[in-house]
**Student:** 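If you scroll down you'll find the structure; I have some questions about it.
Every value quoted in this text rests on a predicted model; they were computed, and no experiment measured them.
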Amino acid sequence: MYRKEKKVFFRDPFIYRTLAKWLHRQLRDDAILEHVVQEHLFRKYGEVFYFKNDFEIDIVVGGLKIEVKAERSHRGYPKDVTLLSKGEIPMFLLRGM
């Protein structure tokens with residue numbers, strides 16, 4: 001639906017960093033991590049979605065449901081949701097962050 005919330009991620013982290021600086025906003029580690037994982041999965045599978053109801057799932061692609069967290073999550077997610085923290089994301093994806 002048109003009025004529903006939308007997530008906007010820039011494919012190039014340079015744009016994200018530049019806009020954050022221009023708007024005098026602090027970069028959020030969890031948003032950058034989520035962007036990196038989304039971009040990788042977008043290149044591999046094509047379309048990437050997110051889900052929000054009682055809780056939010058950052059990435060839904062194919063049969064995968066992934067929640068990306070900069071720190072350990074304190075809330076419970078359904079069993080079919082994979083939680084990824086910064087330490088679990090491959091280093092080659094994080095290069096240049």
Side-chain angles (χ1 to χ4, degrees):
M1 294 187 71
Y2 179 74
R3 291 181 170 207
K4 293 230 177 195
E5 294 180 19
K6 294 177 178 46
K7 276 191 171 184
V8 177
F9 278 91
F10 300 102
R11 296 197 63 193
D12 186 353
F14 173 75
I15 295 172
Y16 179 68
R17 293 171 197 270
T18 303
L19 283 175
K21 224 175 200 175
W22 184 59
L23 296 171
H24 304 289
R25 303 282 184 193
Q26 186 175 1
L27 290 173
R28 292 182 25 219
D29 282 345
D30 57 338
I32 293 175
L33 291 174
E34 187 177 331
H35 165 80
V36 167
V37 175
Q38 282 182 343
E39 179 63 22
H40 176 70
L41 291 173
F42 175 78
R43 290 179 184 192
K44 185 168 176 91
Y45 295 105
E47 290 186 308
V48 176
F49 302 97
Y50 85 102
F51 174 80
K52 185 172 182 180
N53 199 356
D54 294 336
F55 51 88
E56 180 182 354
I57 300 174
D58 292 333
I59 303 163
V60 178
V61 58
L64 296 173
K65 297 176 184 172
I66 302 172
E67 178 68 23
V68 179
K69 296 290 182 190
E71 297 176 4
R72 189 167 176 257
S73 176
H74 298 290
R75 79 193 287 206
Y77 285 92
K79 291 181 182 181
D80 61 341
V81 175
T82 303
L83 292 173
L84 281 181
S85 65
K86 185 174 183 175
E88 297 170 324
I89 298 173
M91 288 304 294
F92 74 91
L93 292 177
L94 300 177
R95 189 182 59 175
M97 273 188 58

**Student:** Could you report the tightest heavy-atom contact between Tyr50 and Asp58, atom names first, then the distance?
**Tutor:** CB-O, 3.2 Å

**Student:** Using side chain to side chain contact (heavy atoms under 4.5 Å, CB included) as the criterion, point out the one residue from Leu83, Ile59, Thr82, Ile32 that pairs with Val68.
**Tutor:** Ile59

**Student:** For Glu88, enumerate each residue passing the side-chain contact (heavy atoms from CB on, under 4.5 Å) test, keeping only those at least two apart in sequence or located in another chain.
**Tutor:** Leu84, Ser85

**Student:** How long is the span from the NE2 atom in His35 to the OH atom in Tyr16, to the nearest 0.5 Å?
**Tutor:** 9.5 Å

**Student:** Does Phe14 belong to the same Ile/Leu/Val/Met/Phe/Trp/Tyr cluster as Leu19, with side-chain heavy atoms less than 4.5 Å apart forming each link?
**Tutor:** no

**Student:** Could you list the residues that satisfy side chain to side chain donor-acceptor pair (under 3.5 Å) with Arg25, not counting sequence neighbours?
**Tutor:** none

**Student:** Any chain of hydrophobic side-chain contacts (each under 4.5 Å) joining Ile15 to Leu23?
**Tutor:** yes

**Student:** Can you name the one residue among Leu41, Ile57, Val81 that meets side chain to side chain contact (heavy atoms under 4.5 Å, CB included) with Ile66?
**Tutor:** Leu41

**Student:** With rounding to the nearest 0.5 Å, note down the distance linking NZ in Lys69 to NZ in Lys86.
**Tutor:** 15.5 Å

